[in-house]
Number of protein chains: 2
Amino acid sequence: MGIHERKEREKEQRREEILQAATKVFFEKGLQVATMDEIADAAELSKGTLYLYYKSKEDLYLGVMSIGIDILYDMFLKATERTASTLETLRSFSRAFVEFFRTHRDYYRMFHFFQNPQLHKQVSDEMKEYCRTNNQKLWDLATKILQRGVDEGLLRKDLAPIEMAFLVWSTSNSIMMQIDFQEMHWRNHIGLDLDHMLEKANELLLETLLTEDARAKLERPTVA
Amino acid sequence: MGIHERKEREKEQRREEILQAATKVFFEKGLQVATMDEIADAAELSKGTLYLYYKSKEDLYLGVMSIGIDILYDMFLKATERTASTLETLRSFSRAFVEFFRTHRDYYRMFHFFQNPQLHKQVSDEMKEYCRTNNQKLWDLATKILQRGVDEGLLRKDLAPIEMAFLVWSTSNSIMMQIDFQEMHWRNHIGLDLDHMLEKANELLLETLLTEDARAKLERPTVA
DNA sequence: ATTGTGAATGACTAACGGTCAGTTATTACG
DNA sequence: CGTAATAACTGACCGTTAGTCATTCACAAT
């Protein structure tokens, strides 16, 4: 009586195959230019079948994006798992985000669509909820580390951990967006090295978030 | 022989009428949902006529957005024209941006499309260039003020004015984006007051950009 | 062998951005 | 004034594509 289970597995596998095909096509063309027929071709299925597994093109897009969230989560987790000082963990976190941005640009790009509900025309409530939950894991993880920093007296107390998480994320994110969208414009027309700006901004922000004590120690690491 | 001139004026006026109709429809529905037929209806013209004045729906959208850039530029200009200390001018600048965001949300929203070339499918090179030039004015103005701050010893010298301008803009912008897209999510699910974050972030950043001298004076305004 | 079930198909529909041959309005000219 | 020339405008039409659904197909149950 394992037939039912096998069918379930096969269905799951089909869903996965569709996701793989969609990943390939979306990475190459983006949401707007990619067509469902193309994805169907890549999956060696008919278009109708795609709709048995995903409710809309946008749902499928977010399905692919969710893999990106998983990857980022894993990278964050690894950054926290290395036993090190909290300060070093904070830096690892920051670096992990930049690393994700550099090595998984395709996924990073997809986050914009998720972030901007103005662009959602056909996203199902289920998919929205799924993404929200998945995304929440990231924030919980980040907040936990920052809370540790506050408890240890490393980070200032007048900002809640979630506020710091938001600041760190939004600072990095806005610069990464510009790198992704307009790097050449900034470099050639304005003469601005955005990669440098990204590092600098993270550095400045971390300093800003540190308590005065921690900042003093940072400047003179081994107190005489 | 003023016929030619009159025709020119009428043509310009028609272009303006189309822009008005487009403004109304785009504000109500956004780029994706608004249709050219709707805009044609609103302008009491046929769809074909729209294409005599704008090359594509996206061009028309950017035409509307450019008005928003003009408005923001004027607000920035007013912020700098008030005779005041450079520090106060910097604050005015920051406030002007927030003010624009609050009172011209519809225009602000349109900036995203301009910023993200991934979304451009039919933008003409001419319109791109026009927007770029228009946009550049904003940066020039901001950079000028920041340069003054550096010259006066108010702002640190290890960051170029354009770098500071970029940091200020990207910090504000990323938070505003979140307010615009997800304010309710942040407030209800995370318990985060983004309006407060926006002020706080601007405040922290300004402090970060000040020289140590200036910061010290800021904390004890009247030195004994 | 036959029936039942659900997965898969692909022709079809609706919607929309953009086009262009044809119409109308206006000006120039004899 | 009549007519030709020019410019402005129109809307039916085209191509594309997301999404649908009646039908077909594969396979399991009996």
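On a predicted model such as this, the values are computed, not experimentally measured, just so you know. Reminder, nothing fancy here: chain letters follow the sequence lines and each chain counts from 1.
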When rounded to the nearest 0.5 Å, the distance separating CZ of B:R109 from CZ of B:F26 is 14.5 Å
Given [N], is OP1 or OP2 found less than 4.0 Å from the side-chain N or O atoms of [X]?
X: A:Q122; N: D:dA18; result: no
X: B:K47; N: D:dG11; result: no
X: B:Y53; N: D:dC9; result: yes
X: B:T49; N: D:dT10; result: yes

5'-most contact on DNA chain D (nearest-nucleotide basis), A:V33 vs A:G48, goes to A:V33
Just call it for [X]: base, sugar-phosphate, or nothing, with non-hydrogen atoms closer than 4.0 Å on any strand.
X: B:A40; answer: nothing
X: A:L45; answer: sugar-phosphate
X: A:A43; answer: nothing

Ranking D:dT10, C:dG18, D:dA18 by distance to the side chain of B:Y51, first place goes to C:dG18
Out of C:dA8, D:dC9, D:dG19, minimum distance to the side chain of A:S56 belongs to D:dG19
Tell me the interatomic distance from [X], atom [atom1], to [N], atom [atom2], rounded to whole angstroms.
X: A:E44; N: C:dG10; atom1: CD; atom2: P; value: 13 Å
X: B:I18; N: D:dT10; atom1: CD1; atom2: C1'; value: 13 Å
X: A:K11; N: C:dA7; atom1: NZ; atom2: C1'; value: 8 Å
X: B:L60; N: C:dG18; atom1: CG; atom2: P; value: 10 Å
X: B:K121; N: C:dG18; atom1: NZ; atom2: P; value: 9 Å
X: B:L50; N: D:dG11; atom1: CG; atom2: P; value: 12 Å
X: A:L52; N: C:dT9; atom1: CG; atom2: P; value: 9 Å
X: A:R14; N: C:dT9; atom1: CZ; atom2: C1'; value: 12 Å

| field | B:Y108-B:N173 side chain donor-acceptor pair, cut-off 3.5 Å | value | yes
- If the plane angle is over 60° it's perpendicular, under 30° parallel, otherwise tilted; pick one for A:H112 and A:F181. tilted
Parallel, tilted or perpendicular: which one describes the rings of B:W139 and B:W169, with boundaries at 30° and 60°?
perpendicular
Closest non-hydrogen atoms of B:S46 and B:A40, given as atom of the first, atom of the second and distance, are C-CB, 3.8 Å
